[in-house]
Structures are given as structure tokens and as C-alpha cells.
Amino acid sequence: MSTALEATVDRSDEPRPSAAASSPASPLVRMLRAPDGPLTSELLLEPGRFGLGLVPARLAPDATTQMACGFCSTGCGLTVHLKDGVAVNLTPTPEYPVNLGMACPKGWEALSVLRALDRATTPLARDRNGKLAPVDWPTALALFCSRMKDIQRQHGPHSIAFISTGQIATEEMAFLGSLGKFGMGLLHGDGNTRQCMATSVVSYKQSFGFDAPPYTYADFEESDVIVLIGSNLCVAHPILWQRVCRNPHDPTIIVVDPRRTETAMAATIHVPLAAKSDLVLLYGLAHLLIREGWIDRDFIAASTQGFDAFAAHVAEYAPERVAAATGIDEATLLRVARAIGEGKRVSLWWTMGVNQSYEGVRTAQAIINLALMTGNIGRPGTGANSITGQCNAMGSRLFSNTTNLLGGHDFANPAHREKVAGILGISADVVPDKPSWAYDQIVEGVLAGKIRGLWVIATNPAHSWINQNMLRDVLSRLDFLVVQDMYHTTETAERADLMLPAAAWGEKDGTFINSERRIGVLKKVGRAPGEALSDFSIFRLIAEYWGCGAMFSRWTSPAAVFDLLKQLSRGQPCDITGVRDYAMLDERGGVQWPCPEGMTEPESERRLFADGCFYHGDGRAKFVFDQPAPMPEAPSEQFPLLLLTGRGTAAQWHTQTRTAKSDVLRALYPAEVYVEINPADARALEIKPNQHVVVESQRGKLKAKAFVTHGVQRGHVFIPMHYEAVNRLTLAHFDPHSRQPSYKNCAVRVRDVAPNDTDL
Ligand SMILES: Nc1nc2c(c(=O)[nH]1)N[C@H]1C(S)=C(S)[C@@H](COP(=O)(O)OP(=O)(O)OC[C@H]3O[C@@H](n4cnc5c(=O)[nH]c(N)nc54)[C@H](O)[C@@H]3O)O[C@H]1N2
Ligand SMILES: Nc1nc2c(c(=O)[nH]1)N[C@H]1C(S)=C(S)[C@@H](COP(=O)(O)OP(=O)(O)OC[C@H]3O[C@@H](n4cnc5c(=O)[nH]c(N)nc54)[C@H](O)[C@@H]3O)O[C@H]1N2
Ligand code: SF4
Ligand SMILES: [Mo]
């Protein structure tokens with residue numbers, strides 16, 4: 001017998017048998033009771049399949065199985081080894097086309113972070129004393145719905161919002177975005193991908209007509225010139241750096257980064273430009289390429305529009321002006337231009353040094369322009385290539401229903417709304433006709449009293465959002481804060497009114513999309529601890545308790561939702577109707593989009609634009625450009641140093657909720673927050689190596705250990721983002737087109753610790 005109730009819950013998230021299967025009054029059994037429906041015993045578990053530790057579902061007791069890594073966007077394949085039904089180890093998958101048998105320390109340690117003692121095992125709600133105390137799922141779900149609905153009744157449907165992530169399965173993101181916008185009637189939901197990828201999204205959309213990173217990782221091996229701009233591959237994407245190392249063409253590697261990073265040290269040419277002078281540098285390179293005739297006139301004529309205006313624009317960027325603005329001498333400028341101009345297969349790659357900037361979109365487009373004008377796109381070893389960050393940032397860009405309507409559609413387009421509504425079997429009236437506010441606008445909305453309830457899923461804003469003083473004030477103003485996380489100890493979870501315990505990577509099914517558009521599978525190889533449920537199941541239950549379960553009656557499992565996503569993608573550049581099912585992804589080592597119906601044997605490595613045709617109506621890519629903007633908070637007499645932030649080591653992941661739980665990883669990075677400072681600045685400030693110092697901006701201060709190094713230029717300091725205090729200092733300012741935070745520039749001073757620094 002199949003019931004609505006059965007459809008509500010993902011059976012693979014069964015509770016411990018001792019707690020649930022034996023006693024009908026136990027929390028999980030009660031949880032499975034729909035608000036007003038009967039409980040069917042079909043939902044009870046298959047007893048005897050559980051033991052201690054990690055427990056596989058649907059797998060033989062001593063099987064091995066392969067899946068995509070749940071940390072970074074490289075999307076390595078990892079083989080999980082089970083013994084007596086327990087996942088005991090993992091190794092990088094040799095035949096997976098991404099990593100070819102390699103993994104970085106985070107990947108190797110992916111299982112151990114699941115076993116941490118601070119895993120959230122039961123919902124928690126604030127009690128009368130203001131303490132977070134365990135409650136059962138029915139109570140938590142009822143509380144979620146009653147509080148959120150109360151807020152909506154008092155302040156309107158758009159007074160509740162969500163902030164989500166690039167780190168849950170695509171099926172889960174789509175569920176959340178659809179539940180929130182179609183089911184709960186809210187308008188504003190954004191994700192941490194705003195902190196990370198919004199700039200790439202907007203620049204690709206404007207330049208190519210769709211958010212489409214064109215490359216495949218094999219391009220790292222096929223280039224004769226590789227240009228990395230604001231991208232520290234060795235630390236942030238170590239396996240992609242390994243792919244560079246496999247390049248047999250002895251490539252010229254150019255690294256554009258104000259810091260002398262691990263990647264810069266390995267480069268042929270390091271371009272240590274003044275921070276945030278990239279736009280001038282890139283226009284200067286375009287100027288030289290045109291001046292020297294190193295451009296592809298045929299490609300420009302056949303496949304682009306706007307080149308003449310762009311050429312006129314960059315005519316103003318003669319080498320003298322560019323050298324003065326960037327600090328890079330004219331000879332180096334010419335050397336870089338020559339490498340790009342004379343290279344046969346030039347690939348240009350960028351990451352957060354570009355995206356996290358108050359002029360990130362135009363900078364990314366200046367990179368795209370270099371590829372277009374030299375015809376370096378659509379061929380092996382070429383491309384204007386944004387590298388994503390989180391394991392499923394690409395999934396979030398296309399399927400989270402936040403900025404884009406599901407499947408890369410447009411909320412403002414009535415035909416798109418009809419199409420999506422038709423596929424989902426819902427009324428087009430419930431599909432909003434505009435996109436959500438961006439993350440920063442949601443934050444401002446709380447300040448303005450317009451947003452009163454916030455649901456935070458798989459992100460830790462109380463560490464990662466820019467300018468913490470403001471953010472923490474904002475969180476404290478909410479009437480109701482819900483945090484859904486795998487740990488109950490995150491800075492954000494500790495501030496929650498309601499905490500929902502989530503299963504993690506390895507404890508649930510679904511798919512991720514990596515940087516090169518490859519869809520990879522994730523699998524349940526163990527059971528989440530206690531009563532934690534997959535995000536998918538949580539969304540399913542909330543839909544039921546909210547009263548919109550019928551709208552999601554076909555959203556029964558991740559696999560069922562994957563089928564819906566396929567239909568939603570039909571006819572789009574990201575068409576995946578040809579992906580049969582998860583098994584096909586498994587068999588083929590993932591599949592890159594597009595994979596339209598009929599493509600039953602997609603090649604393992606595919607790039608876009610081989611035909612020189614882009615997604616704009618006229619098939620042409622656009623040259624987009626603008627005047628450089630002044631730095632909003634330049635160093636001053638009071639705050640004479642510029643703070644850069646970013647990734648510290650390959651063993652640290654973001655706000656460290658996961659990586660700090662592994663003994664192995666903890667041994668690979670400094671426990672204490674440190675600040676990199678140039679020896680000349682240290683000398684001038686009389687700061688000794690390893691001395692404790694105070695770093696302060698206009699907004700806040702922190703105590704750090706001084707790491708005196710030539711890795712940073714004079715006038716710059718660097719603090720890794722992994723330490724909680726770093727965003728006390730940062731300045732909340734944003735790219736005007738993408739609204740991505742500009743995390744990598746604010747003015748600070750460094751001084752000795754004073755006796756009255758007791759608050760640090
Ligand atoms: N180990 C590890 N790997 C990760 C992550 C992690 O937390 N840990 N996070 C993942 C995520 S989500 C992301 S988004 C990626 C980020 O990957 P990356 O972008 O490579 O990492 P970042 O260190 O943030 O920034 C890259 C570089 O930008 C430089 N930079 C700063 N200002 C400027 C500038 O004005 N111009 C230029 N050209 N460069 C500048 C910094 O010095 C830094 O070296 O990493 C992913 N991989
Ligand atoms: N100063 C500075 N700040 C930065 C940056 C910078 O360069 N400098 N970089 C920015 C960038 S690019 C990014 S991407 C952000 C990242 O910022 P965050 O997204 O805040 O960082 P994470 O630590 O990855 O947070 C993910 C959260 O999800 C939880 N989690 C993991 N898996 C699951 C799951 O399956 N389900 C649920 N429900 N929860 C899960 C983790 O425990 C963790 O609390 O930081 C940004 N902040
Ligand atoms: S490089 Fe990224 S995807 Fe590969 S193992 Fe490391 S964290 Fe995982
Ligand atoms: Mo990111």
C-alpha cells in the first residue's frame with residue numbers, strides 16, 4: 001500500500017532501530033506521523049540492518065562504491081570501502097576523469113569529519129531560559145511552520161527568507177527553492193554562492209548569453225599558455241594544479257596575484273600587481289595585443305560583437321599608464337602580452353581574486369575579452385574559465401531557484417514561468433515574476449524590519465559573511481532564526497531559535513555539478529547520527545507540515561527529482577535530458593552538460609563553443625567593458641595597510657566546521673589565526689616574527705600571530721578566511737552588477753597588543 005505519508009519520507013534516513021522500530025511512541029515513529037494522517041507501519045525500518053558507526057543502505061556489506069567529493073568544486077571521484085556494512089575507508093578513484101586517482105587531504109579525510117562529537121543528532125529549540133534544548137521532530141516541524149506562518153500573517157508573505165548553499169545536492173537545492181517560493185510563498189532566498197560565484201554568473205550571462213563555463217579539465221593539460229588570475233590553485237584546487245603538472249607541452253604559466261602564493265612560486269611569470277588593479281592590467285594587455293596585431297580578426301568578425309568600441313576603449317590604456325596603476329613594469333606587460341598573443345592554445349582561468357571585488361564583473365569580462373579577441377575559445381587548451389568553489393556551486397547556479405528560475409530560466413519571462421509550472425504540475429501564478437533579493441539585500445531587509453524570519457541551510461554566515469559586526473546584529477534582530485546544519489556548534493547554529501539536524505555528504509543520495517559542468521553522484525554509504533535527516537527529507541517534511549505536500553507529491557526521492565530537473569533543463573544550454581539516470585553517471589565517470597536527449601554515449605571531456613556560436617540571439621559573444629572604479633576604502637594615514645583574505649591551506653575548508661574535526665587535517669594548518677606581513681612593514685612597525693599583534697579596521701579588531709614573509713607585498717597584509725575573527729575587519733561593499741562581496745580589500749592597521757585589548 002502506498003500512502004501520501006510514505007511518499008513524505010526518504011526511507012533511507014531510518015532511525016536507529018533500538019530507538020524507533022521497537023517503540024511506537026519513540027520520536028521517530030511520531031515524526032513519521034503526518035500532521036493529520038495515520039501512521040503506517042510500512043515506514044518502519046527493516047530491522048537488523050543497523051549497527052554502530054556508519055551503516056550503508058542498499059549496498060553489499062563489503063562493497064566499494066564511487067562518488068564525488070563533498071568539499072571543493074573540483075569534484076574528484078572517491079571510492080568508499082565498506083567492511084561488514086560500515087564505511088571504513090576511502091581512496092581516490094583511479095579511473096575517474098577528474099582526479100585520475102589523486103585526492104587532496106580534505107578528500108582523504110572526508111569520512112572522518114562525519115564522526116565528530118558535535119554532530120547535530122536531534123532538533124534543538126530555545127527553551128524558556130533561552131537555552132537550545134532537544135525537541136522531537138514533530139515539535140520542531142510544527143514550531144517551524146507556526147512561527148514562520150505567524151510572521152507571514154503579521155508582516156506579509158515576503159517577510160521570511162532563506163539563505164542556502166553550494167554544498168547540498170542539486171535535488172535538495174531545487175526542493176528548497178521550490179518549497180520556499182512555490183509552496184511557502186516567500187520571494188527572497190539566496191545562497192552563499194553569492195559570496196563566491198555571482199560575479200562569474202553575471203559576466204558569463206552578459207558576455208555569452210548564458211552562465212556557461214566553457215572548459216573541460218583536460219584543457220589544463222592541452223594549453224601551451226596558462227594564465228591564472230586571482231586563483232591560488234595549489235591551495236584551493238590542488239588536484240587541478242596536479243592536472244597542470246601533467247601538461248606535456250611545457251606550458252608558460254602566468255600567475256596574476258598580488259601575493260607570492262604557492263601557485264605564483266611555481267609560475268613562469270608571476271605578476272604581483274597592486275591589489276584591485278586587474279581591470280587596468282587586463283585593458284592594458286588588450287591594448288598591447290591590438291597594438292602588436294596579436295588578435296584573431298576572423299574569429300572577432302564571425303563570432304563576436306562590440307570589438308571596435310572595445311578597441312577604442314583600451315586605446316586609452318597605454319603601457320605607461322598601466323605600469324603606473326598596477327606596479328608592473330612595461331617589459332613584463334609586454335612579455336605577458338606576447339605570451340598570450342603568440343600562444344597557440346591559451347587558457348585564462350580566474351577565481352576569487354577576481355570575483356570578490358567591487359568591480360569583479362567587469363574584471364571577469366576583461367578576461368573573457370582577451371580570450372575572444374585572440375580566438376582562444378572553443379578549442380582544446382583554451383577558454384575564459386571561471387573555476388567554481390564549492391562542490392555544488394554549479395548546481396546552485398542553475399537549479400536553486402534563487403537568481404534563476406529552475407534550469408537557468410528567467411523569473412521575469414512569462415513563457416519560462418509557464419514552462420516550469422507545466423513541468424512541475426503547479427499553477428504558474430505561484431511562480432514569482434522576479435528574482436530574489438541578493439544576500440546583502442536580505443541582510444539589509446532584516447535591518448529595515450522587512451525580513452523577520454530567516455532559514456539558513458548549510459552555510460555559516462556568522463563567520464563567513466562580510467562585516468560580522470553588522471551581520472551578528474542583524475541575526476539578533478530576527479524574530480525567528482532557523483539553522484539547518486550537520487553540526488550544532490557552528491557560529492550561526494548557536495544563535496538559532498530552532499536548529500534542524502542534517503545528514504551530511506556520504507549519508508544521502510543526489511548529484512553535484514563540478515566546475516567543468518560535470519554531474520557526479522553522491523551516495524549514502526552510512527547513516528546519519530541520531531535523528532539527523534537528509535536535507536531532502538527535511539524539505540519533504542516541512543512541505544507536509546506546511547500544508548503544501550500535495551504540490552510536491554512527485555518529489556518523492558532525489559532520483560525522482562533528478563527526473564524533474566532533466567525535464568526542466570530541456571532545450572536550455574544546460575540540457576541534461578540525455579542523462580538516463582544516476583547509474584549512467586556512475587558508469588561514465590560523471591557527465592558534463594549539455595547532454596540532450598539522444599546523446600547516449602557522451603564523450604568524457606567536452607568543451608563549449610567549438611562552433612563559434614554563443615547563446616545570445618545573434619549567436620555572438622559580447623565585448624563588455626567599463627571605466628575602472630576607485631577602491632572604496634583605500635589605505636589611509638590611520639589605516640595604512642590593505643587587508644587581503646582568502647584560503648590558507650589545502651587542509652582547511654571555509655569556516656572549519658568540518659575540517660577542524662579531523663586530527664589529520666588539524667595537524668596540517670596553524671591552529672591560531674595569523675597575519676602575513678612583509679618584512680619591511682614589520683620592521684617599520686617593530687614587529688618580530690611570531691609576535692602577537694592587533695589587526696584593526698574601522699569596524700573591528702582581532703589578535704593574530706605575525707607571520708613575517710615576502711609572500712605579501714609591502715603595504716598588504718593577508719589573513720586566511722578560516723579563522724572566525726577575520727570578517728570582523730572586512731568592509732561590506734559589493735560589485736554593483738553581481739552584488740558579490742568584495743572580501744579582498746579593506747584598510748587596516750597593525751600594532752602591538754596593548755594592556756587594554758582585553759576584548760580579544
Ligand atoms: N583548501 C581549500 N580549498 C578551497 C576552499 C577552501 O576553503 N579551502 N574553498 C573553495 C571555494 S568555495 C572557493 S570560492 C575557492 C577559492 O579559490 P581561490 O580564489 O583560488 O582562493 P582565494 O585564496 O580566496 O583567492 C585567490 C587569490 O586571490 C588573490 N587576490 C586577492 N586580491 C586580488 C586582486 O586584487 N587581484 C588578483 N589578481 N588576485 C587577488 C589572493 O592573494 C589569493 O591568493 O576555493 C575552493 N577550494
Ligand atoms: N574574509 C573572507 N570571507 C569569505 C571568503 C573570503 O575569501 N574571505 N570567501 C567566501 C566564499 S567564496 C565562500 S564560498 C563562503 C563560504 O562560507 P560558508 O558557506 O559559511 O562556509 P562553510 O564552512 O562551508 O559552511 C557550510 C556549512 O554547512 C554545513 N554543512 C555541510 N554539509 C552539509 C549538508 O549536507 N547539509 C547541511 N544542512 N549542512 C551542511 C557545515 O557544517 C557548515 O556549517 O565564505 C565566504 N567568506
Ligand atoms: S581537490 Fe577538492 S574535490 Fe578533490 S579531494 Fe580535494 S577537496 Fe575533494
Ligand atoms: Mo566560494
Side-chain angles (χ1 to χ4, degrees), residues 68-78 90 92-93 96 98-99 102-110 165-167 191-198 200 228-243 255-264 271-279 281-282 326 349-360 363 367 386-393 459 464 505 512 514-515 520 631 642-656 658-659 665 668-669 676 711-713 716 718 720-722 740 742-745:
C69 176
F71 283 102
C72 91
S73 63
T74 304
C76 295
L78 302 174
L90 60 74
T93 312
Y96 201 67
V98 167
N99 51 320
M102 301 176 279
C104 85
K106 297 183 296 303
W108 282 102
E109 281 297 287
T165 187
Q167 294 177 61
N192 64 2
T193 28
R194 180 73 58 180
Q195 296 162 287
C196 183
M197 284 302 144
S200 295
L228 295 162
I229 304 155
S231 179
N232 188 6
L233 224 52
C234 291
V235 162
H237 300 91
I239 300 308
L240 297 185
W241 179 252
Q242 294 303 313
R243 297 292 299 262
V255 171
V256 180
D257 195 311
R259 293 193 305 135
R260 190 155 178 269
T261 60
E262 296 77 353
T263 317
V271 182
L273 78 177
K276 301 291 158 288
S277 65
D278 301 67
L279 194 54
L281 176 90
L282 294 160
T326 61
W349 310 79
W350 80 88
T351 322
M352 290 310 115
V354 170
N355 280 7
Q356 290 173 344
S357 158
Y358 54 88
E359 55 185 5
T363 307
I367 298 171
S386 150
I387 306 171
T388 49
Q390 305 169 82
C391 49
N392 201 19
T459 182
S464 62
W505 172 93
F512 289 154
N514 78 354
S515 285
M631 189 181 291
L642 192 76
L643 172 67
L644 311 180
T645 65
R647 275 74 198 155
T649 67
Q652 287 165 294
W653 180 255
H654 293 162
T655 73
Q656 292 265 59
R658 286 196 270 172
T659 39
L665 297 178
L668 295 175
Y669 63 81
E676 296 186 6
V712 286
Q713 306 179 13
H716 290 173
F718 173 80
M721 66 160 299
H722 313 295
Q740 177 155 344
S742 188
Y743 281 109
K744 292 182 172 12
N745 57 285

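As the structure lists them, so they are numbered: ligands from 1, and atoms in each ligand from 1.
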Quick check on contacts: which atoms of ligand 3 are under 4.0 angstrom from a heavy atom of Cys69? 3 (S), 5 (S), 7 (S), 8 (Fe)

Using a 3.5 Å cut-off on N or O atoms only, is Ala236 in polar contact with ligand 1? yes

Test your reading of the structure: does Gln356 have an N or O sitting under 3.5 Å from an N or O of ligand 1? no

Nearest-neighbour protein heavy atom for atom 1 (N) of ligand 1, which is reported as residue plus atom name and distance: Thr649 O, 3.0 Å

Please report the shortest heavy-atom distance between Thr263 and Val255, naming the atom on each side. O-CG2, 3.8 Å

As a check for students: among Phe718, Trp653, Tyr743, identify the option with a heavy atom nearest to atom 5 (C) of ligand 1. Trp653

Per atom 36 (N) of ligand 1, closest listed option by heavy atom (Leu644, Asp278, Asn745, Thr326): Asp278

I'd like to know if atom 2 (Fe) of ligand 3 has an N/O/S atom from His237 within less than 2.8 Å of it, counting both backbone and side-chain atoms. no

Looking only at distance, does Ser277 have an N or O less than 3.5 Å from an N or O of ligand 1? no

Between His722 and Gln656, what is the shortest heavy-atom contact and its length? O-CG, 3.5 Å

Checking the side chain of Asn192 only, and the main-chain atoms of Gly166 only, is there a donor and an acceptor separated by less than 3.5 Å? yes

Please answer whether the main-chain N or O of Thr388 pairs with a side-chain N or O of His237 as donor and acceptor at a distance below 3.5 Å. yes

Please answer whether the main-chain N or O of Gln652 pairs with a side-chain N or O of Arg647 as donor and acceptor at a distance below 3.5 Å. no

Which of the listed options, Lys276, Met197, Lys744, holds the heavy atom that is closest to atom 33 (C) of ligand 1? Lys276

Atom 6 (Fe) of ligand 3 contact by Cys104, N, O or S atom under 2.8 Å: yes

Keeping Asn99 on the side-chain end and Gly77 on the backbone end, is there a donor-acceptor pair under 3.5 Å? yes

At a 4.0 Å threshold, what atoms of ligand 3 neighbour a non-hydrogen atom of Cys72? 1 (S), 2 (Fe), 3 (S), 7 (S)

Decide whether an N or O pair under 3.5 Å exists between Leu233 and ligand 1. no

Do we see a donor-acceptor contact under 3.5 Å between the side chains of Ser73 and Ser515? yes

Note: Thr645 and Phe718 closest approach over all heavy atoms is C-CE1, 3.4 Å

Backbone, side chain, both or neither: what part of His237 comes under 4.0 angstrom of ligand 1, heavy atoms only? side chain

Examine Gln390 against ligand 1 and note whether any of their N/O atoms are separated by less than 3.5 Å. no

So for ligand 1, is Thr351 a polar contact partner (N or O within less than 3.5 Å, distance only)? no

Does any N or O of ligand 1 fall below 3.5 Å from an N or O anywhere on Val256, backbone included? yes

Can you tell me the protein heavy atom closest to atom 11 (C) of ligand 1 and the distance? Gly389 CA, 3.2 Å

Give me the nearest non-hydrogen protein atom to atom 1 (S) of ligand 3 as residue plus atom name, then the distance to 0.1 Å. Ile239 CG1, 3.5 Å

Do we see a donor-acceptor contact under 3.5 Å between the side chains of Ser277 and Thr326? no

Looking at ligand 1, would Lys106 count as a contact under a 4.0 Å heavy-atom criterion? yes

Could you tell me the residue and atom name of the protein heavy atom closest to atom 4 (Fe) of ligand 3, and the distance to it rounded to 0.1 Å? Cys76 SG, 2.3 Å

If we number the atoms of ligand 3 from 1 as shown, the ones under 4.0 Å from a heavy atom of Gly107 are 5 (S)

Measuring from non-hydrogen atoms of Asn99 to any atom of ligand 3, is the shortest distance under 4.0 Å? no

Strictly by modelled atom types, are Glu109 and Trp653 linked by a side-chain donor-acceptor pair under 3.5 Å? no

On a heavy-atom basis, the closest approach of Gln195 and Gln740 is O-NE2, 3.2 Å

